[in-house]
Structure formats: C-alpha cells, structure tokens
Q: 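Sharing a structure with you now.
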Amino acid sequence: MHRARQGVSTLSEDQGRRPTVHGSALRQCVAQGLPLPAAPINAGNAGASSEAGSSPARASRRRRPEAVIDLDLRMPSNRAPLRLRPMLAATDGAALDDARLVYEPKYDGIRALIEVAPSAVRGESPRVAIWSRNGNDKTAQFPDLVPAVAGLVARRRSALLLDGEIVALDAEGRPTSFLKLQPRIHRHRTTARESARAVRDQPVVFVAFDLLDDGDESLRGRPFTERRARLEQRLGRTRRKLVWLSECAVGDGRELHARAQRDGWEGLIAKEATSIYHNGKRSPAWQKIKLLRSQEFVVGGWTAPRQSRQHFGALIVGVRGDNADEAEVPGLTYAGHVGSGFSDAELARLAKLLGPLSVADSPFTAMPPAHETAHWVEPVLVVQVKFTEWPDGGALRHPVYLGLRDDRPARSVTREGAPAGPADPSALDPMGGIDALAERLEDLEQARRRGTLELDGVRVAVGNLDKVFWPALGVTKGELLRFYVRIAPYVLPAVADRPLVMKRFPNGIDGKSFYQHRAPSPLPDGLPALPLRESPDRPETEVPYLVGGSLATLLYMAQLAAISQDPWFSRVSAIESADLTAFDLDPGPGVRFRQVLDVACWIHDELDKIGVPSVPKTSGSSGLHIYLPLPDDTPYEAGMLLCQIVATLVASRHPKVATVERMVKRRREKTVYIDYLQNIYGKTLATAYSARASDYAGVSTPLTWREVHAGAKQKLDPRAFTIRSVMGRLERVGDLWAALRTGEKANLRAAAALTTNG
DNA sequence: GCTATTA
DNA sequence: TAATAGCAACGCTTT
DNA sequence: AAAGCG
Ligand SMILES: [Mn+2]
Ligand SMILES: [Mn+2]
C-alpha cells in the first residue's frame, strides 16, 4: 500500500504566483470599502500555518461546493422500543430528608425491564422477555427468572411490565456484587452446558421497584407513589423466592443512608414521589446519591512501572485483620492495587520512602493477585485511599491515592465499615448512557484492560487507559476519554459535520507529537471518512478525513491520543466556504493573561462598532480565541479579510501590546500576536470544549464578553478551566458557544461599509 | 498508537 | 508469539 | 535549498 506524497515536486501551472493583496492593497481596501478579493491577502506576511493543520490558500477559481454528504450512521438493530427502555437517574445528589422524595437502595445488579404476558393459548405458560438498560434482550441469560416471573400472572391472566434490578445472591442469600453476574452476561456465547452451570452456581433474584404496565393500562403517567402501590398490590404479601420488592423509605432517607455507609453500598436513589415515568430518559426526578468511601491502608509492596510512568505503577495495599489475639500483630490482608491519584512529584517522594523498606518476602497473609511484577516492603507506610466499593473478600474498586498518613502506626490500620460492596450495574452495559460509559472506562482503566465500547452501533476499541498523559498532574488517557464522554453534549455540536485534523500525543504531552490528516485505515466499522482535497484546486491531494459529530469519532480520536479536537472552519455541506472566522490571540513569552484580555476587548470594541457578533473563549493553553459566525457561502477570504482589517487596526493602535507580525524575531517583546491566518481552507484551531495538550490539562472554554471585560479585575484565569474542573462551570453557564450557531451571523457587507467610514 | 514484518 | 520498524501534515514565508 | 512559522 503506497501512500507516497503526491504532487510534491510537480511544478504545475497552479504553483505559479497568483495575485495577492499586499499591505498597500489592504489600505486601499479599507479606504475604498471591501469588494472582497478572491485571493489571499499579504499584509507583509501571508501564508498557511495554523494551530493544527493547514492547506493552501489557493482560491481564485471557486468551484461550487460539493454535494452534501450523508453522514448518517447505521441504526442499531434488534433493540427494544422506547416503551421498554428504563428511566434513568441523574448524577446529582439530593437531600437526604426531602419530604417529596422516596429513597431506595441503589441495587447492585443489572437494570432490567421484564415483560410478562399470559399466553393466548390456555394452558400454555406466559411469555416473558427480559430487557437490559440498553434495550437488549437478556432473557436467555436468566432462564431461572422466567418461570418465577411467569408465576406473577398465572392467576390474574393479565400482563405486567416491571422495572427493577437483577441482583446476584451470596451463599447466605444476601445481595452481592454484580461481578458475580459476569459469567452470565459475558459476551462470547456459552454452551448450554456452561450457561446451565452458571445458573446453578450463581443464584439471582429480580428486585422490582416500579410497575409500568398493569394489564392494558399504562401507569407511566401516574405518580411514582401510585405506581409503587400498584406494584405492591400486584406482587402481593407473600415473599417470593426469586421476585423481590425493593426497599424504600418515604420522605427521609437518613436511616437508609446510614445503612449504606455501614454496609458499603454504592449509594441510594431518590425519586420524586409525584414524578411520572419517562422511558429511556435520564430525568432529574430520579437522583443518584453516591457514597465515596475513604480510609487508611498499609503499603505492603509496589509494582513495576509501565511505559512512561516513573518509579512505580501501583501501591499494593492491605489492612490488618481484627486483633483478636493481643499477643501479636495480625497478618496483612490484601485490599487492592492503588494506581492512580499520584502526581509525578508524589511518585518520586513515595519511591524514595519505599526504597529503604525493601524486603524479600511478601508481608501479606495471602499472595495478592499479580498484575505486574511485585516488589515487597516492610509494612509500615500508611496511605489514605478513596474508593467506590470494597466487596467482601475482594479488591477495592476505583481506588485513588489521597496522601500519606505520617501520623498513623501501621499496626492499627484495619478495615472500617462492614463488608458487602455493590457496584454499578451499568458498568456491564457500555450503552447505558453517559455515567455507565464513564464508569466502564474507569473500570477498564482500573483493571488495566483493553475493551470495546459500543457507541451508536459503532464498536470502538480502547486501551492503555492508565497511561499518564499529563505527568505533572497524573492525568491519564482514561481520564481524557472520560472527560470527552462527559463534555460530549457540548463539544459534539461544535465539531459536527466538520473535518478534523488530529494532533496526536501517543506518549503524553511531553512526548513527541505529530499531525495526522488522513483517517487511519481500517476505521472501526461504521465510522465514516470523507475524502477531501488538502488543496481545493488540486484533485490529487485528496485524503480521507474524519468528520466530527459522533461520540464514536470523538472517543476513537482520543484513543489515538488526539488530545484536542481541531475542526475546519467549514462544514462538509459547503466545504469551500467558511461558516466561522476567528482571531487567535497568542501571547508572547512572559505576557500576562490580562494583556491578552485587553487586546480581546479592543477587538470586541471594533467588532461591536460595526455590528459584528462574536464569542470569546480561552484557548485551553495561554491564549484566547474570538470567533465570528459567518453567513452561508462566505468565502474564506472574506472572513479572513475582516479579521485582518480589525487585527491590523488594533495592532497599529497599540503597537507595544499587540502585533500582526508573523515573524517571531520581528515582534516586539511582550506583545500579543493577533493571528488571523488560520482562516484558510484546511486550517484549524482547537474547538471550544476541546482538551488541550497544555501543562495544566486546559479546556478551551467559552466566556461572556462581560467576563472578558471584567477579567483583569476578576482575576480571570484560563488555568481554572481544566478537564477535571470545567464541567461545573458548564452546568452553571450552559453552552455559550451555541450562540455562534443560533444567533445572528456577521453582516459583512454592512461591516465593510462601516469599516470604510470608520 | 497501530500495523506489518521479522526472528 | 513477541519484539521491532515504519509511519502518522502542510503551504507559504524569509534567508 | 533550507529554515521558520503556526
Ligand atoms: Mn493560539
Ligand atoms: Mn496562532
């Protein structure tokens, strides 16, 4: 497969000089109005370059934009209809003593809607279907539940649709970790014999908490409390072996919460008593109350680092058993591998402490599971670790290092709280929505495993999630992917239908990076690539591009270590027109951010005067971007010319502060470079809501002009917006970037007239 | 980070 | 099967 | 032809 560079050396007639607009011509333009030229401008410096990507500014013969390309992904098949999709809980916490709420334990199993209908044929057993949270048919995985559920309609012979959770039981018949269900869920087909064995070895029950259909009647429009009453009525008094009724507490969840703390549940669900049922919706009427646990552990060893990680990969930690016999210190029981939460500096500090403690033999009573080669130490260091769950007899889930407890004697460290750790059922189901997806990624990272995400019917392979991309912060690739999962509702509209350039950092932000335009081949099945010319007039420069808009593309790119999302200023439906144009404010070395804000304000003042709308954002690094929405069919040159005029004007008024000089050594010290040269076919700028490969793991964050104008006083700091922190702001201020899509476009004709007169 | 090639 | 090599942008500017 | 620029 040759992919030799094409058209590198052939000096076609195309490469002859074509007229450019020079500095003098610019003055002319300004002086005479703006009959926008069809050639790139040269104001002492013109040419291609970009934050990421580029392409020539060739433009004289404008061809009509190509036909609209249909980017529809295939729809997933074999899914349950909406009426069989469960209502989901929002992430947010809720008060524990809200009289309007009903509290339930967050069961540790697999969410399921179970349909049961009496057979039309007398004497035949009722039909049962078990639907997963994603609408997949799971009936075959739980054959033992079928007769039990069928029994519910035997007497009354009318159908039911139940909502609840399939929960695994331990030897004592108590609910236990969903991990026990793995063998029954696991993807690859099992033989009938194997599945029979799974059924025998791992008993399950269905814990019902809602009733959606009672006979022919839909209860979805009824308040939750009424549905619950009907459910209790239909299930009856007798406690069944395999179909249970969920516990609940009306108006006060404190007692349940205390038990959750004590018994190590994952959390509670709070439901508005009056709320109706919305199939398939994540509704704020239902809220998760999550419990995070944290306690001390003794360090008994460490594992070798992988890849770019320094010093060690994970701490192997444990606790002392109960000290029944006071005569001796009890043995150390393994609790888990703690591999995240370390900064570079902390890794180094701990490594220095661990070195002298090295011993030959494991201090643990039983040999911990070996992920990597283990090195043992004298069990004297005590660390604080937070985690989501700690199943009895199992390992910590999602452990994160919080710090060293210099103040604690290692011998006194024992398990706090009680056993029984549930987990989130959704972790099994990669299609279960944002939270489920984020949790699945967290699980995979924790387990250091590869996995496949199914996103809108596209299967995307992910791996190496524990690789550290920001060493100074300890931010991993997994955290980057989780960030993109959460910010997807904001960033996807911003990149929708736009070709994307990749800037890849396979070894983290300190490693070697490279640009990539060409979509890899083969792509995950169902991911589209769109052939586009690097240069609009040169057909031989065509390469396949990834196009934004889908979660699958977004996460696939992040998996390839494309940290930022760098879209074109065109959408594919009009690939040679710009629908956005931007100023890129690049502060020189040592320039304070407040100076960047000043320059932005001056630009805003000018745009305001000529009635051109604009939206500012941090770049996610040290600069600022200002975007202008353009009307349909605007040539790139028109957008760029407007930016050039305004940039040049501002720079000429404030020569000590701002410049449009492209050549670094000809710029004054401590100036802000107003870069308008991205506004060219094929060039890019990191989009709003994109992560950046900056030292602080920044996110390009839209601002209001009010914030920019008040910024110096308010100490506006782009470093406040990181992949760890930005979601809070977004929930407060919403999608400021949407104004570029929904608001007025710049009126270039009017702007030109005003520019002339001003 | 991924793929094809090589020992 | 495991280790390794090769690969992943571009155009316009100034010197 | 090579280096600088983003
Ligand atoms: Mn910039
Ligand atoms: Mn720039």
Side-chain angles (χ1 to χ4, degrees), chain A residues 1-9 11-12 14-18 20 22-23 39-59 307-308 450 460-465 467 469 477 480-481 499-508 511-524 532-538 541-546 555-564 566 568 582-588 619 621-623 625 636 640 659-667 673-686:
Chain A
M1 213 67 53
H2 86 294
R3 44 174 64 170
R5 287 255 58 75
Q6 294 173 303
V8 164
S9 57
L11 186 77
S12 72
D14 245 327
Q15 288 190 320
R17 268 265 148 83
R18 75 185 57 255
T20 57
H22 289 267
I41 295 165
N42 183 343
N45 55 6
S49 66
S50 76
E51 295 295 293
S54 65
S55 211
R58 232 156 288 232
Q307 295 164 6
S308 59
R450 290 123 81 44
V460 176
V462 296
N464 245 332
L465 299 177
K467 188 162 184 174
F469 273 12
K477 186 165 102 169
L480 176 69
L481 273 120
L500 292 162
V501 163
M502 287 181 278
K503 187 175 186 192
R504 297 176 54 190
F505 294 80
N507 293 303
K512 256 212 169 71
S513 67
F514 57 90
Y515 287 99
Q516 182 168 347
H517 293 178
R518 182 182 295 267
S521 160
L523 284 172
L532 289 175
R533 296 175 184 185
E534 297 280 33
S535 191
D537 295 337
R538 290 194 288 148
T541 64
E542 192 169 273
V543 300
Y545 268 84
L546 290 173
L555 297 190
Y556 173 64
M557 289 175 68
Q559 162 61 20
L560 294 182
I563 289 176
S564 56
D566 298 284
W568 285 22
F583 299 89
D584 171 21
L585 277 51
D586 293 329
S619 71
S621 179
S622 57
H625 298 154
Y636 267 93
M640 182 163 79
T659 179
V660 290
E661 171 56 58
R662 189 166 187 79
M663 214 186 317
V664 170
K665 64 178 180 185
R666 294 219 294 244
R667 288 180 202 158
Y673 172 50
I674 309 177
D675 181 358
Y676 55 84
L677 286 166
Q678 314 74 254
N679 301 302
I680 291 175
Y681 176 96
K683 304 207 336 172
T684 64
L685 217 46

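Residue numbers start from 1 in every chain, and the chains themselves are labelled A, B, ... in the order their sequence lines are given, proteins ahead of strands.
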Q: Pick the C1' atom in C/dA8 and in B/dT3, then give their distance to the nearest Å.
A: 12 Å
Q: If I take atom CD in residue A/Gln516 and atom C1' in nucleotide C/dA9, what distance separates them, rounded to the nearest angstrom?
A: 10 Å
Q: Select one nucleotide: of D/dG6, C/dG11, C/dC10, the one nearest the side-chain heavy atoms of A/Arg538.
A: C/dG11
Q: Measure the distance from CE on A/Met663 to C1' on C/dC12 and round it to the nearest whole Å.
A: 12 Å
Q: Can you check the A/Glu661 CD to D/dG6 P distance for me, whole Å?
A: 10 Å
Q: For A/Arg666 and D/dG4, is the shortest distance between a side-chain N/O and OP1 or OP2 below 4.0 Å?
A: no
Q: Whole angstrom is fine here: how far is it from CE in A/Met640 over to C1' in D/dG6?
A: 14 Å
Q: Quick one: pull up OG1 in A/Thr659 and CG in A/Asp586 and give me the separation to the nearest 0.5 Å.
A: 11.5 Å
Q: So, does A/Arg504 use its side chain to make a donor-acceptor pair with the main chain of A/Ala561 at under 3.5 Å?
A: no
Q: How close do A/Leu546 and A/Met502 get, heavy atom to heavy atom, and via which atoms?
A: CD1-CE, 3.9 Å
Q: How far does OH of A/Tyr545 sit from NE2 of A/His517, to the nearest 0.5 angstrom?
A: 4.5 Å
Q: Given C/dG11, D/dG6, C/dA9, which nucleotide is nearest the side-chain atoms of A/Arg518?
A: C/dA9
Q: Could you list all N or O pairs between the protein and nucleotides 1-4 of chain B that sit under 3.5 Å apart?
A:
from: B/dG1; atom 1: OP1; to: A/Asn464; atom 2: ND2; distance (Å): 2.9
from: B/dG1; atom 1: OP2; to: A/Lys477; atom 2: NZ; distance (Å): 3.2
from: B/dG1; atom 1: O4'; to: A/Arg504; atom 2: NH2; distance (Å): 2.8
from: B/dC2; atom 1: OP1; to: A/Gln559; atom 2: NE2; distance (Å): 3.3

Q: Can you tell me if A/Lys467 uses its side chain to pair, donor with acceptor, with the backbone of A/Pro506 under 3.5 Å?
A: yes
Q: To the nearest Å, how far apart are A/Gln678 CD and D/dC5 P?
A: 16 Å
Q: Rounded to whole Å, how long is the line connecting atom CG of A/Asp566 with atom C1' of D/dG6?
A: 12 Å
Q: Please lay out, stage by stage, how A/Ile674 and A/Leu585 fare under the test side chain to side chain contact (heavy atoms under 4.5 Å, CB included).
A: CA-CA 5 Å; A/Ile674 309 177; A/Leu585 277 51; 4.2 Å; yes
Q: Within this structure, what is the CG-NZ distance for the pair A/Asn507 and A/Lys512, rounded to the nearest 0.5 Å?
A: 10.0 Å
Q: Rounding to an integer number of Å, can you tell me how far A/Trp568 CH2 sits from C/dA9 P?
A: 13 Å
Q: Using atom C1' in both nucleotides, what's the gap between D/dC5 and C/dA9 to the nearest angstrom?
A: 14 Å
Q: Without decimals, in angstroms, what is the distance between A/His517 NE2 and C/dC7 C1'?
A: 15 Å
Q: Using atom C1' of each nucleotide, how far apart are C/dG11 and B/dC2 to the nearest Å?
A: 28 Å
